[in-house]
Number of protein chains: 2
Amino acid sequence: MTSMQNSFTEENYLKIIHSLSGREGVEVSTNALAESTSTRAASVTDMLRKLADKGLIHYKKYQGVRLTDSGEKVAIKVIRKHRLWEVFLVEKLGFGWDEVHDIAEELEHIPSEILVEKLDTFLGHPRFDPHGDPIPDAKGNLTEPDYTILTDIQVGEKVLMMGVLDHAPSFLQHLDRSGITLGAVIEVKEINEYDKSASVQINGGQTLFISLEVSKNLLVQRR
Amino acid sequence: MTSMQNSFTEENYLKIIHSLSGREGVEVSTNALAESTSTRAASVTDMLRKLADKGLIHYKKYQGVRLTDSGEKVAIKVIRKHRLWEVFLVEKLGFGWDEVHDIAEELEHIPSEILVEKLDTFLGHPRFDPHGDPIPDAKGNLTEPDYTILTDIQVGEKVLMMGVLDHAPSFLQHLDRSGITLGAVIEVKEINEYDKSASVQINGGQTLFISLEVSKNLLVQRR
DNA sequence: ATATATTTTTAGGGTAGTCTAAATTTTTTA
DNA sequence: TAAAAAATTTAGACTACCCTAAAAATATAT
Ligand SMILES: [Mn+2]
Ligand SMILES: [Mn+2]
Ligand SMILES: [Mn+2]
Ligand SMILES: [Mn+2]
């Protein structure tokens, strides 16, 4: 009864609603969805009516939407597939972390529960994807670690680089060129009061300057 | 100019036309395509007009269709992807050869040239898929080995099992239960004149009876 | 508390791919 | 070689997803 297949498009909507809704499950607006799906608000309204009819979202006109438990389950399955495929692309095929997002965006819609589980086993049950994002387990449990944004770190603190907020290839390539990779030790040496740019030391070696724009997109962990 | 993306559906049509057209490139009928695509003839006609407009097939009304060089290139790329993904599923993820067809049917439509080439490298440039079908190379060369059907083998001959004509899970599972796998040595001990069933010895060990239906779907090579 | 601005929905329509029923063309049979 | 049968195309329609323009509801500002 609940087994009817969701389309590629429906899965993308659910994943985006999950992401915009955040951990608190706040209502997502039609315009925000239009922006994220690169469609028009009118098209979003059509889709929302359909997702509501299928019981995947809570929707009252003009009130924004939230995922139902059923919709949340679907969204998390898609996220699990996306992140597992990203691990495969980076770890097994040798792609850079800046190259895998768009491909995983397609692979995440391949059906077959058993495929996902065999892939997970093949990859050694990874807990995080190449961008530091947590991978939901087979039961659908997704626990977001509470990392700190680098802008909240004080001068003198040493932290571990754990993830990124911006997944854009240009940002990831910029980090590559700076030697800032997942697991790197970052020590904040100085923060410029004027523009909040920072001087940081990477792995006890090279010191470099990073802009506020970069700091805002780096997730780190105190040790 | 030639770079416009083909849809999932168009790719399936091209692949099926390639397969039904055979090595000699004979015309494929509308009804044959309706059968293979599980659609109605009227739907096929619509699609044929579209494929012809895109220059992917030669089509004259009521005359059947053939692939153009351009269409052939697309079909072979899809076949390459299908077979490489099947190798991945069997060799890396541990699927049985009877379980991979439907999944590969989806994976074959994932775009990205570079993904295919990295997958090919990861798999060690396999020449054949798990069913013994040849994998086109990166340049689009597809050379069909000329295997013999087991029904053409005489009593007393020893041959190597090289492939299957029927890819149905039930047939492949039947072969598994009989111990007939790719590379197995098959010696024809006896052929029953009445129903053309045969008695064959596998790998110099067990002798078993196989029906004409099975023999007709086994591709072998004389040694 | 209105008036204005913004957001969202509705109305009407388009393309891709599918369908059934009817018309047309080709093939087979007598 | 003409009638019957089979194959194919055309006509008209449906669903999924998307669009623009206009209407309606909500939010903001005066
Ligand atoms: Mn996607
Ligand atoms: Mn990721
Ligand atoms: Mn396919
Ligand atoms: Mn195969």
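Here is how names work: the chains are called A, B, and so on, in the same order as the sequence lines, proteins then strands, and each is numbered from 1.
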Which whole-number value in Å describes the distance from Q5(A) CD to dA16(D) P?
15 Å

Residues in salt bridge (Lys or Arg N to Asp or Glu O under 4.0 Å) contact with E10(B), at least two apart in sequence or another chain
K50(B), K54(B)

Could you check whether F8(A) gets within reach of a base, just the sugar-phosphate, or nothing at all, counting any heavy atom under 4.0 Å?
nothing

Charged N to carboxylate O below 4.0 Å: is that the case for E86(B) and K81(B)?
no

Check side chain to side chain contact (heavy atoms under 4.5 Å, CB included) between A42(A) and all other residues, then give those that pass, not counting sequence neighbours.
none

For E91(B), which residues count as a salt bridge (Lys or Arg N to Asp or Glu O under 4.0 Å) partner, sequence neighbours excluded?
none

Please name all residues satisfying side-chain hydrogen bond (donor to acceptor under 3.5 Å, both in side chains) with D102(A), sequence neighbours left out, ordered by chain then number.
none

Under a 4.0 Å heavy-atom cutoff, the residues of residues 36-45 of chain B touching DNA chain D are A41(B), A42(B), T45(B)

With sequence neighbours excluded, tell me which residues meet side-chain hydrogen bond (donor to acceptor under 3.5 Å, both in side chains) with K77(B).
E113(B)

N or O in side chain of T30(A) less than 4.0 angstrom from dT9(C) OP1/OP2:
yes

Any protein N or O atoms within reach of nucleotides 22-28 of chain D? Criterion: under 3.5 Å, listing atom names and distances.
unit_1: dA25(D); atom_1: O4'; unit_2: Y62(A); atom_2: OH; d: 3.3

Which of dT18(C), dT8(C), dC18(D) is nearest the side chain of M47(A)? It is dC18(D)

Applying salt bridge (Lys or Arg N to Asp or Glu O under 4.0 Å), can you list everything that pairs with R80(B), at least two apart in sequence or on another chain?
E117(B), D120(B)

Taking the six-membered ring for Trp and the single ring otherwise, decide whether the centroids of F8(A) and Y13(A) are under 6.0 Å apart.
no

Applying salt bridge (Lys or Arg N to Asp or Glu O under 4.0 Å) to E144(B) and not counting sequence neighbours gives none

Starting at CZ of R49(B) and ending at C1' of dT18(C), how long is that distance when rounded to a whole Å?
14 Å

Can you tell me how far C1' of dT7(C) sits from NZ of K60(A), to the nearest Å?
18 Å

Grab the CG-P distance between N31(B) and dA6(D) for me, whole Å please.
12 Å

How many Å lie between CD on E10(A) and P on dT15(D), as a whole number?
15 Å

Separation of atom CG in L33(A) from atom P in dC18(D), rounded to whole Å
12 Å

Rounded to whole Å, please give me the gap between CG in D46(A) and C1' in dT15(D).
12 Å

Across the strands shown, which category fits Y59(A) at heavy-atom distances under 4.0 angstrom: base, sugar-phosphate, nothing?
sugar-phosphate

